[in-house]
Amino acid sequence: MSVITVRNASRWFGNVVAVNDVSMRIGPGVTGLLGPNGAGKSTLIQMMAGFLAPSAGEVRLDDEPVWKNERVYRRIGVVPEREAMYDFLTGAQFALANAKLQRLPDPHAAAERALATVEMLPARNRVIGTYSKGMRQRVKMAAALVHDPAVLLLDEPFNGMDPRQRLQLMELIRRMGADGRTILFSSHILEEVEQVAQHIEVMVAGRHAASGDFRDIRRLMTDRPHMYLVRTSDDRRMAAALIGDACTGGVELDWRERALRVQAIDFARFVWLVPKIARDQDIRLYELSPADESLESVFSYLVGGPA
Amino acid sequence: MNATIAALTARGLLGRRRSLLLIALPMVQLFIAGGIRLTGEVSTETSAMFLQTFALGAVVPLLGLIIGTGVIGPEIDDGSILYLLGKPIRRPVIAVTKFVVGAGCVALFGALPAVISGFILTGPADDLPLAFGVATLAAGAAYVALFLMLAVITRQAAVIGLLYALVWETLIAGLIPGAQRLSVRQWALALADRLTPEISVVATVGLTVAVLALAGVTVLATAYAGLRLRSLALAGDE
């Protein structure tokens, strides 16, 4: 059981502050590090992995500092975001090299076991350069797992994977989290994170924006005013029916666009209500689309909101 | 030394397309030496001049540059060095291992061809082949250490290294005698000078200074590379 503690860590590159006074504690189980691109997730993970010095503050693994301390790699496995590996090696040779670099007593067995864990045994004798993106990701994972680390740090592990590979990797991460490992992975996709992580840390613009159980984060993101664009065969009647219900906070008739702009306060009731009105009043629905569902707007709400 | 890192480094270095250059350079040198020999009897002076300007002056610095940056530069550029850094291995061990692999390559592709070229030109009886074998090996090792360190410090190692080898060693050191004190080539020439008592390999620095300087540059550059590897920050992806 290992714990990573980040204490008031900041990292700047010249004038750019990538990580701004972040404190968090990552314990056993799966934690998702969620945030839009450029939020500082990679920088934070690199600091946790000992690849980058905090400009201020510190990162510790249990009672040891991580920076300039090669010993921590006996207990940490890192899956970098970057694609590069030793492409001229086969998957098996790469895993074996990693096991030998860890100075394991039986590197061959360790490499074999790690490849089995990520289900790469069938392709282990192919050169890495010929692997698909998903296979590369899994071999990176095997390299990080050879020494059976207590802590696993993964930077955007689902990037570029197809849905089936994604599901497999999610299952693998869940299983390893259930074994009591401390696992942190970053992603900019909420759905991805909440399918795997019990606990979510949110980063926005270098700051630690929110922290909690995935249900809390989900609630923060859904229990808020949503803007929708609604286009119907009779916008005025639809508008009248919508404003008559408590689930909306405002309805604007945009006569230029010939559409309604609706602020929904109660998301669940709103999505139930619209089709009901359409059916009861015989109004035809042409379009119902979220007007501000970009992740950035969700995050900016989180930062300014009750988090 | 770490055998796994050495194997990865050697495969990475020799597996790339640039490794063809590692073979091409000494091949050209051997062909020219053969060509000179075919024209008739070659004086020791001419042979020494050829080894001095071509082997020590051109081939070895270029090899040192290709090998010294090649043993670590590409891994830093593409980020695969993370698989070495993220291991419970002291970073200086990584630097020393890479240096040893590089020095081995320079011995194989630089010093050995220099000895063979010497044999072709003067025959095995002369001191010249061995003298330049020692000189090119010492210079090659120093270049490898120097350019390995540069590759750890900056992404522009190849350019800076080329400028040093061409502009400093060839141009400036050729014109300004004082600059020769800070020239790997001149230090190595002092070794060759000492090992060939009867002919005029002209060195501008004394033997003691040369030996100390070569050893010092090699050791310090490798040590500093190891030190810098401890705090190597890879460019972020964000």
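Below, chain A is the first sequence line, B the second, and so on; all start at residue 1.
Taken from CG in B:Asp78 to OH in A:Tyr86, the straight-line distance is 8.0 Å, to the nearest 0.5 Å. Rounding to the nearest 0.5 angstrom, the gap separating the CD atom in A:Glu70 from the CG atom in B:Leu229 is 10.0 Å. Here the CZ atom belonging to B:Arg230 is positioned 8.0 Å from the CG atom belonging to A:Asn69, to the nearest 0.5 angstrom. In this structure, CG in B:Leu14 is found 10.0 Å from CZ in A:Phe88, a value given to the nearest 0.5 Å. Rounding to the nearest 0.5 Å places CG of B:Leu82 at 11.5 Å from CD of A:Glu81. B:Ile89 contributes atom CD1, which lies 11.5 Å from atom OH of A:Tyr73 (distance to the nearest 0.5 angstrom).
For the set A:Asp87, A:Ile76, A:Leu89, A:Val72, the entry with the most heavy-atom pairs within less than 4.5 Å of chain B is A:Leu89.
The interface of residues 55-64 of chain A with chain B, defined by heavy-atom distances below 4.5 Å, is empty.
Applying the side chain to side chain contact (heavy atoms under 4.5 Å, CB included) test between B:Pro88 and each of A:Arg71, A:Arg103, A:Arg74 identifies A:Arg74 as the sole match.
Contact annotation for A:Leu52: only side-chain heavy atoms (C-beta onward) come within less than 4.5 Å of a heavy atom of chain B. Heavy atoms of A:Gln93 lying under 4.5 Å from chain B belong exclusively to its side chain. Of the atoms belonging to A:Ala97, heavy atoms from both backbone and side chain fall under 4.5 Å from chain B.
For A:Lys100 and B:Asn2, the side-chain atoms include no donor-acceptor pair closer than 3.5 Å.
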Exercise. Under the side chain to side chain contact (heavy atoms under 4.5 Å, CB included) criterion, do A:Asn98 and B:Tyr83 qualify, and how do the steps go?
Worked result: CA-CA 7 Å; A:Asn98 277 279; B:Tyr83 294 100; 3.9 Å; yes
